[in-house]
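All remarks here apply to the structure that follows.
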4 protein chains.
Amino acid sequence: MNKNKLKTIAALLLLFSFVLTAFTQSRKEISIPDIKGFKTLKCDFHMHTVFSDGAVWPDIRIDEAWLEGLDAIAITDHLEYQPKDDVKGDHNRSYDLAVSKAKQSGVLLVKGTEITKSMPPGHFNALFITDANPLNLADHRKSLRIAREQGAFVMWNHPGWKSQAPDSAIWYDEHEYLHNEGLFQGMEVYNYDESYGPKVYGWAKDKNLAIMASSDIHRLVSHKYDLNKSHRPMTLIFSKDRSLEGIKEALFARRTAAYFNDTIVGQKNHLQSILNQSLRYKAKAELRKDKTIVLQIFNHSDIDYELTLEEKSKDFNIPHHIILYAHKTSLIQITGLSDRINNIEKIYLPYTVRNLIVAGGDNMLAKIEVLIIH
Amino acid sequence: MNKNKLKTIAALLLLFSFVLTAFTQSRKEISIPDIKGFKTLKCDFHMHTVFSDGAVWPDIRIDEAWLEGLDAIAITDHLEYQPKDDVKGDHNRSYDLAVSKAKQSGVLLVKGTEITKSMPPGHFNALFITDANPLNLADHRKSLRIAREQGAFVMWNHPGWKSQAPDSAIWYDEHEYLHNEGLFQGMEVYNYDESYGPKVYGWAKDKNLAIMASSDIHRLVSHKYDLNKSHRPMTLIFSKDRSLEGIKEALFARRTAAYFNDTIVGQKNHLQSILNQSLRYKAKAELRKDKTIVLQIFNHSDIDYELTLEEKSKDFNIPHHIILYAHKTSLIQITGLSDRINNIEKIYLPYTVRNLIVAGGDNMLAKIEVLIIH
Amino acid sequence: MNKNKLKTIAALLLLFSFVLTAFTQSRKEISIPDIKGFKTLKCDFHMHTVFSDGAVWPDIRIDEAWLEGLDAIAITDHLEYQPKDDVKGDHNRSYDLAVSKAKQSGVLLVKGTEITKSMPPGHFNALFITDANPLNLADHRKSLRIAREQGAFVMWNHPGWKSQAPDSAIWYDEHEYLHNEGLFQGMEVYNYDESYGPKVYGWAKDKNLAIMASSDIHRLVSHKYDLNKSHRPMTLIFSKDRSLEGIKEALFARRTAAYFNDTIVGQKNHLQSILNQSLRYKAKAELRKDKTIVLQIFNHSDIDYELTLEEKSKDFNIPHHIILYAHKTSLIQITGLSDRINNIEKIYLPYTVRNLIVAGGDNMLAKIEVLIIH
Amino acid sequence: MNKNKLKTIAALLLLFSFVLTAFTQSRKEISIPDIKGFKTLKCDFHMHTVFSDGAVWPDIRIDEAWLEGLDAIAITDHLEYQPKDDVKGDHNRSYDLAVSKAKQSGVLLVKGTEITKSMPPGHFNALFITDANPLNLADHRKSLRIAREQGAFVMWNHPGWKSQAPDSAIWYDEHEYLHNEGLFQGMEVYNYDESYGPKVYGWAKDKNLAIMASSDIHRLVSHKYDLNKSHRPMTLIFSKDRSLEGIKEALFARRTAAYFNDTIVGQKNHLQSILNQSLRYKAKAELRKDKTIVLQIFNHSDIDYELTLEEKSKDFNIPHHIILYAHKTSLIQITGLSDRINNIEKIYLPYTVRNLIVAGGDNMLAKIEVLIIH
């Protein structure tokens, strides 16, 4: 084959490749509302490609993120573990191969890497690094110090991973040391398909760590999570704007929450604000002749809020268990209102929200306020 | 059985019945945005119950409407046709039996009836009547005059119904007469599962008639329409507020559109406003080095907008056919931008929207405006 | 209007009505397999219409049944309770109005009625009666004796209904009397959306009663159950053929099971047979070099079988919890096989099936047999 | 880090990787029935990985195939085009890296490669090769001869691909030559998302070529096709058994069909057999007093068969257009039967099936036979 012919073929294949890489499906937008003063960004800062033990080319991670409605991701290939004999490339390579598609699609790409050690201290992701290669050191303290010099935000990955913490997560002296030295600022409370429970949620509060959740996906997101009914685990970032700088500032300020399996773990004020912004209902409801109030609540978020009655009222009856389905309006009947209600202006429905969990505390109290029209 | 026992049973059954009638599913909200200055109410003004040739108790029509996300309905049983030997009740009875459930659930119930004559003039619904019984007359002119005296809004039903108009809809002299007398003000362009086409759409404009669509449901809405993928036909009302008075004012003012099968037929300004309010996109887009602009459009309405290119531009390439899927973000690439683009601030994408049809005109032109960041 | 004109209108409306009543959707077939020697018929023998406290015309119950894939239903309007002032008709009327649509659509219609008394003894459905009117008596014993004379099969409805059994179901002396007299032969273990638990399941065995489940639907089935994801409660009948006679014989022979919420309560042999017929898997599986056996199981039923490990084996590892999803193939890895396996021909996987419950016993043991290819 | 520590990490990561690669979702089985004497295998013989211009590691193609219900695939990386600087590996490498997962999951993996030339003759896949490397030659005739020596089956890919055939597919002299030499035996009539139309279908018949359809997927199947509603394009193989040998024999015997977009293109006898095996209906139907026959047809395949009336009968009326929905039962009313019907035993419903297309012919005629019970 002469050179010209070869050129033609290459050109044709490029064209082919271009057509094939165009998005042929649409992006689902994730409906978790912004909170007061901040945008709620949906982020996944932990995933792999063929440049470590993952199974996809880096730009596939951008396609997945765009289609699933994410705002930002980090590709965090292992520094210490590049098992593929056929793939060569330094530790910045997966970022370099994905950044152009990221810009094209509007997905923000955080430069990151995974520092992969046995426990303690386990695995750490360094985010917002400038160069991954110098971090590839046997001594994790040195690695983390270089990350800090690069201005990185560092998260402790899967503290309760069964392979490294068979009984449950342990806060080793080494973690105390690293934490005191300011060498990590965040922590996964959920990874892949596992939650690490109240003990780890509590550390987020006690140690002032950003609460995070990640897919840690190695193969395909769509093969792990049923994207028609569910979603990958992700970190919610309450950011001043939709930008890399905004995300970095929010991470260091600990304005984050973990979102997985229709559940959010976070700080009380963040959860309260998300719930308030998710629901639209007429605060004013008419007291009917049959001593009944009918309340309609529209939940425009993606989350099915599951409410359980905290304590019964002597003055009225309400259902013990309610699900406020995502993108639907629910109708709640308040019946058997006592005569005492005739003299008051508002009542509170004392529900706890089973799938909104305060890190270092209990489930969130919804306290739905109803003004009564007499 | 003594009387006390009977009372106990009746009480228990009432309780039973009460529990059973509570809504156990949630309401889907229909996402068709409000337009400038008006709320977009979703209404169906044509349906039947056991009090004519329908197959459900009147309050079932309220349950259906609430669950499907409607704002208002009218039950319009035939005056002339009550075929059920076992059911007795005057022509107001279906309204009376449904109005309490309507108030409880917040669905607005318009009092209506159907005047059912052979063609010409065919069938007419009188809406916002005060008493249906006096309208039950052999002479439709007399019927319609009484309706007018009651302040009713009158619509001509299914002008192109095959049984009465086997070839196609005909504007008879009698329609001219009734119209000139002000005895009807609106007209269905779609009924049940049939559209009457451009000729009838044109009458809406030429005769200044409110454009309407109805289910004319006799049995169950859920058995006729696949409510997971589609919706019943309905009339969109652009109303000052969500009230019966608002709807009546809007009907007489002809601020209506017909919504069926993911398609809207209406006035140009209404359609334009719905489209504008449905889409969110960054009007400003960056001109990239590769002479490409990438545009992301989020369609938060229920309607999959189908766009077809009106004419090719000499200055850039855009896809010939685009579907902006409901509740999704689509990505459009504008490629091959000519150098002329370097000197201009904005471009227009000349798409027509195949499922937005101007009554008495063509498909709507979308004219998506893009400001270019150089 | 002259007589001829009236006739024309009536004729047109009849035509209209005919067209409208045609099925516009398709029937879902329920995939619960036949068992050895018997067809598995899907039946609901408890529901209401406008002829008692229901809200639909009788033939709507046929439409619903056909679309949902049922083989047979009984309309069982209350004898004692016809609350609708506007509806007149004797106690056979709802049957008479539905039987023609039943024949047309192939749904088998069992003639039935509900004898509605306070507790004890509560409510009873008499099925396969010849005339409902003579059963309308204050004395339930007399009623039930007449039912018996008509050859009826009688079921005790919702024994644990909160309104009649606020704490839990009670087997009163009156039930002992009626049962000894042969005045009822079956019993609901599930009604509407409530299961009556192991105590009542046990009665089915101890008293030799046919196990049944019913919708007891008063309003619309599609408004109560999400028919895209779930199904109404129903009685499975293991019948010699698909006929009314077959169903009657099977009921008296107690070849029934209760199917609700993806769960079946029944006799052990019936459950075992359903499970066996639901699953297709290669009984023979290869022992791989890595001491692993990979098993693929295709579940072609509608039921997601939920398996939980009964006891760990010393000779291999299998997952603790498996869901064999409906209409899907699941892959199960048996790992860590001990050397002892080299000498044996087959192993059993000791799972219990959480949603197959033996009446009067525990959950069913699946005992999946695997022949090993060495 | 000392050596032992490194080993521990590697071991842990291997464990991690093992867990992550287990299937966490279930396999959908594709319901296209077997035909008389042959199993209907679902195959895709055209796809790419990182070892040419694809974006996934080879074993991902096995995961996708298993989850989607395929029986067999071939990975066909371009010989001439390996654009990834970071990936090295010879032309057998993608097969070698996928074959173990294939065996584990039961997906049959055909060894293949793509010979990629400009038009004429365009691109060819060689299937069932033994070694891809010797085929990498500038001269395609030599390549194809080596393939033939290896016993390969060769298919012509996307003859109508716009980049190589801008107007439409052309049968060049070179194709005539190659075909006469026995250097290719099959041809895609559909590739990715494009069908090449009747002209190309005709070649299948005229030139005795196996009819094929392929995804030619470069990125993710789930990002290109909406797998909840649709499926990737594939070749149906009518094979003596489910084995690689069976597939090879069937390919050379031209027992294949192309399945894409709910449509099958194939030989008439194959299509007829698929349709017959897809439908279950009582062939005998009762002639009712109202001169009506009601027919129920259960379609247990995945395909929505779209029937259009070929010609009206003088003796009865049937719907002009019917869709026999997948996995549903449809009810067809035959009305207005003439008296002539009283004397005959069976009638034929003369429908054509719009989505079953005979290669080199027209749409398939369904000819549904109905025996009449008088």
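Chain letters run A, B, ... following the sequence lines, proteins first, then strands; residues in each count from 1.
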Side-chain heavy-atom pair [X], [Y] within 4.5 angstrom cut-off:
X: Arg219(B); Y: Val56(C); result: no
X: Lys224(C); Y: Gln25(B); result: no
X: Asp63(C); Y: Leu220(B); result: no

Asn228(B), CG: over 12 other non-hydrogen atoms inside 6.0 angstrom: yes

Give, as side chain, backbone, both or neither, the part of Val87(C) having an atom under 4.5 angstrom from any heavy atom of chain B. both

Please look at Leu97(C) and chain B and tell me whether the side chain, the backbone, both or neither of the residue comes under 4.5 angstrom of a heavy atom of that chain. side chain

Given side-chain contact (heavy atoms from CB on, under 4.5 Å), test Trp57(B) with Lys84(C) step by step and report yes or no. CA-CA 10 Å; Trp57(B) 201 246; Lys84(C) 292 188 172 56; 3.4 Å; yes

With rounding to the nearest 0.5 angstrom, report the CG to NZ distance, Asp86(C) to Lys88(B). 10.5 Å

